[in-house]
Amino acid sequence: MNSFFIYSLTGAGLFVLGLYALIVHAHLLRKILAINVMSSGVFLLLVALARHSGEPAAADPVLQAMVITGIVVAVSATALALVLMLKLHSATGQTQLHDDSGE
Amino acid sequence: MLTDYLALLLLIVGGFFFFAGTVGLLRFPDVYTRLHALTKADNLGLGFIMAGLAIQSGSWLVAGKLLVIWLLVMLAGASVAHLIARRALQRDITPWQR
Amino acid sequence: MALFYGFLLIFLLLNLLAGLWRIMRGPTGADRMLAAQLFGTTTVAMLVVMAQLQEQASLRNVALVIALLAAVTAVAFVRRAWPEKETSADAD
Amino acid sequence: MATLMSVLFDGLLGLGLVWFAWQALSSDNLFRAIVLFVAFGLMLALVWVRLAAPDIALAEAAIGAGVTGALLLAAMARLNVVIHEQATGNNETSSPPRRRPASGLVALLAAGLFIALAYTLYHLPLDTPGLRQAVSEQLANSGVSHPVTAVLLNFRGYDTLLELLVLLLALLGVWSLGQCHSQAEAATGAVLDVLSRLLAPVLVLVASYLLWLGASAPGGAFQAGAVLAAGGILLLLSGWRLPARFTRWPLRLLLAVGPLLFLCLALISLLLEGRLLRYPLAQAGGWILLIEATATLSIGAILVALFMGGNPEPGQPDE
């Protein structure tokens with residue numbers, strides 16, 4: 001039970017949790033949060049891998065650089081998704097996607 | 001050696017104030033009293049921890065940086081406490097009375 | 001000393017986790033926001049202790065950034081999400 | 001830290017993280033979900049520190065504390081979600097979170113996926129060297145001494161270039177959806193005025209510090225840009241607005257200067273060295289600093305523009 005295993009397991013848990021919430025919840029803001037949690041899980045897994053490979057003195061900088069890029073892309077995608085959601089809300093008054101309302 | 005004990009003491013006191021802040025956050029009866037946990041207990045605890053670490057680090061540069069961080073946290077805490085309390089009053093949340 | 005830092009870190013982390021109860025409980029939005037603000041302070045404390053323990057000076061910069069930006073979310077809350085008076089009917 | 005203690009700490013932090021995420025995602029109250037998500041981001045910064053990734057911790061701290069929370073809260077406010085004062089079991093205006101009928105099945109499948117992932121992680125061959133060796137061999141030729149910055153701006157510079165373009169693309173998407181929503185706001189009051197006036201210059205200072213630090217220590221363009229963006233968001237929240245004469249060309253120039261300069265230098269390097277983004281060795285440090293400085297400005301400006309949530313240009317350009 002080392003810190004790699006703990007955190008990679010946490011990352012996997014976050015990913016699965018986010019995936020579940022993404023499918024189950026209808027509200028778009030919740031879906032956006034769920035996608036963010038999923039991406040955090042993936043980042044966690046990558047950084048745990050970067051930390052672990054080889055000796056623990058230094059982490060793999062390539063994976064770390066990719067995660068930094070990923071965090072910034074994730075926040076811009078979140079902002080775009082939020083604006084799309086607000087547009088949908090002002091156009092239809094709904095906060096969920098249409099295919100869902102007929103159930 | 002003496003500085004080690006002094007640092008240890010400061011860190012323990014800091015930890016105690018954090019604990020007090022948490023108890024306050026959980027146990028105080030309304031939002032106005034809970035503000036004290038943020039502005040008083042935790043900021044003081046952070047100050048003690050910073051002081052202990054500054055002694056332990058033995059470098060003026062580190063001590064200065066820790067001081068700046070502490071001042072910034074206090075500035076943010078005080079401003080946020082004011083903003084939240086004023087807005088809570090404007091929204092007619094009545095303060096707790098015995 | 002390292003052992004003591006470890007204890008202090010775990011103690012602070014437990015304090016942080018206890019704050020979850022206030023976020024869950026509320027009752028007002030202000031209480032939840034306040035708890036989040038406290039999280040920021042505790043995180044700053046943990047980061048500076050870790051900086052000392054792991055001898056990584058750059059962690060103090062992380063603490064500096066969190067301290068600087070601690071107010072932004074709360075200001076957004078007060079200015080946008082928690083207006084003075086409701087536009088629609090409210091329960092309070 | 002003793003081994004047992006570090007396992008205890010890591011275990012608590014990991015469990016706490018999952019617990020927070022679970023509470024955030026299953027909360028019946030949107031505002032509570034957002035606050036929990038912000039707290040989740042703070043804990044994530046601690047995890048990055050534990051995983052020896054201070055660069056990521058810096059980025060997470062700047063974006064999580066300064067940008068994400070404000071973005072989500074502003075969006076929630078525009079959905080007209082009312083934050084109720086009374087604690088009742090179910091205190092959201094719209095409805096408790098509607099779940100699809102098959103949620104039990106989904107949970108089962110998710111649990112299966114988790115078990116499969118955990119099994120894979122447990123049996124992962126972990127003695128691979130990774131790319132660390134390759135990076136440290138070439139570090140002397142990169143123009144900077146911090147490996148993460150070297151990867152971001154030199155070895156995999158195209159990642160960063162394309163990422164800046166992705167940011168611009170996201171902004172284009174937002175702008176194409178309409179103008180920015182202006183709403184009447186209450187007066188700010190003395191405290192918020194003083195706070196924003198005190199913090200704004202400090203934020204610019206810290207952003208420059210992080211940018212400069214990036215060459216030799218954790219820091220760099222993304223972190224500095226996110227700090228700048230947080231400053232801009234704070235100013236916007238304090239009632240400051242971009243003067244109308246700046247919303248056309250000056251703003252666009254600021255948004256695009258980072259990607260444009262990066263592209264120009266990429267083309268120049270193609271002409272000089274015959275390879276895209278291979279900088280001349282002697283000038284590499286200077287080029288990287290130049291790219292990072294402009295990228296910081298652009299990243300900050302783009303994130304602030306994303307927060308505005310629309311094109312700030314008035315409908316009819318006022319001559």
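As a basis for the values below, the full set of heavy atoms in this structure was taken, side chains included, without hydrogen atoms, waters or symmetry mates. Labels below follow one simple rule: chain letters A, B, ... track the order of the sequence lines, proteins then strands, and each chain is numbered from 1.
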Part of D:Leu17 lying under 4.5 Å from any heavy atom of chain A: both

Spacing of D:Phe37 atom CZ and A:Ser40 atom OG [to the nearest 0.5 Å]: 5.5 Å

Test item: D:Leu306 and A:Ser76 side chains (from C-beta on) under 4.5 Å apart, heavy atoms: yes

Shortest non-hydrogen contact from D:Leu25 toward A:His25: O-NE2, 2.8 Å

Contact winner vs chain A - D:Asp55, D:Leu152, D:Ile302, heavy-atom pairs under 4.5 Å: D:Leu152

D:Leu169 versus chain A, the contacting section by heavy-atom distance below 4.5 Å: neither

Among the listed options D:Pro147, D:Ala59, D:Ala53, the residue most often paired with chain A at heavy-atom distances under 4.5 Å: D:Ala53

Student check: side-chain heavy atoms of D:Trp48 and A:Phe43 closer than 4.5 Å: yes

Rounded distance [0.5 Å steps], OH in D:Tyr122 versus CG in A:Leu9: 11.5 Å

Contact leader toward chain A among D:Val47, D:Val166, D:Val67, D:Leu58, where contacts are heavy-atom pairs under 4.5 Å: D:Val47

Best-contacting candidate, D:Thr120, D:Leu117, D:Ile299, D:Val148, against chain A by heavy atom pairs under 4.5 angstrom: D:Val148

Under 4.5 Å from any heavy atom of chain D - which part of A:Leu82: side chain

Under 4.5 Å from any heavy atom of chain D - which part of A:Leu29: side chain

Side-chain heavy atoms of A:Met66 within contact of D:Val151, under 4.5 Å: no

Pairs of heavy atoms under 4.5 Å with chain D: top-ranked of A:Ile71, A:Leu45, A:Leu84, A:Val47: A:Val47

Closest heavy-atom pair and its distance - A:Leu80, D:Gly173: CD1-C, 3.8 Å

Atom pair CG (D:Asp10) and CZ (A:Phe5), whose distance is rounded to the nearest 0.5 Å: 13.5 Å

Sub-4.5 Å side-chain heavy-atom contact between A:Val73 and D:Leu167: no

For A:Leu33 against D:Ala33, the heavy-atom pair lying closest together: CD1-CB, 4.0 Å

Side chain / backbone / both / neither for D:Val174 at chain A, heavy atoms under 4.5 Å: both

Sidechain-backbone polar pair: A:Arg30 side chain, D:Ser27 backbone, donor-acceptor under 3.5 Å: yes

Which atom of D:Gly309 lies closest to which atom of A:Val83, heavy atoms considered: CA-CG2, 4.0 Å

Proximal component of A:Leu44, with respect to chain D [non-hydrogen, under 4.5 Å]: both

Contacting region of D:Leu51 [heavy-atom separation from chain A under 4.5 Å]: both

Among A:Ile32, A:Thr78, A:Val75, A:Leu19, residue most engaged with chain D (heavy-atom pairs, under 4.5 Å): A:Val75

Inter-residue atom distance D:Gln223.CD - A:Ile68.CD1, 0.5 Å rounding: 5.0 Å

Interatomic spacing from OG1 in A:Thr10 to CG in D:Leu13 - rounded to 0.5 Å: 8.0 Å

Taking every non-hydrogen atom, the tightest pair across D:Ala110 and A:Val16: O-CG1, 3.1 Å

Validation row: D:Phe40, A:Leu14 side chains within 4.5 angstrom (heavy atoms): yes

Sub-4.5 Å side-chain heavy-atom contact between D:Leu79 and A:His27: yes

Per-residue contact mode, A:Ala34 against chain D (heavy atom under 4.5 angstrom): both

Part of D:Leu44 within contact of chain A (heavy atom distance under 4.5 Å): side chain

For chain A, the option from D:Thr149, D:Leu162, D:Leu72 that forms the most heavy-atom pairs under 4.5 Å: D:Leu72

Expected output: side-chain A:Gln64 to main-chain D:Ala52 donor-acceptor under 3.5 Å: yes

Straight-line distance of A:Tyr20 OH to D:Trp22 CH2, nearest 0.5 Å: 5.5 Å

Which atoms of D:Ile56 approach chain A - backbone, side chain, both or neither, heavy atom under 4.5 Å: both

Greatest number of heavy atom pairs closer than 4.5 Å to chain A - which of D:Leu15, D:Leu177, D:Leu303: D:Leu177

Nearest non-hydrogen partners of A:His89 and D:Arg78, listed with the distance: CD2-O, 4.1 Å

Portion of D:Val135 that has a non-hydrogen atom of chain A nearer than 4.5 angstrom: side chain

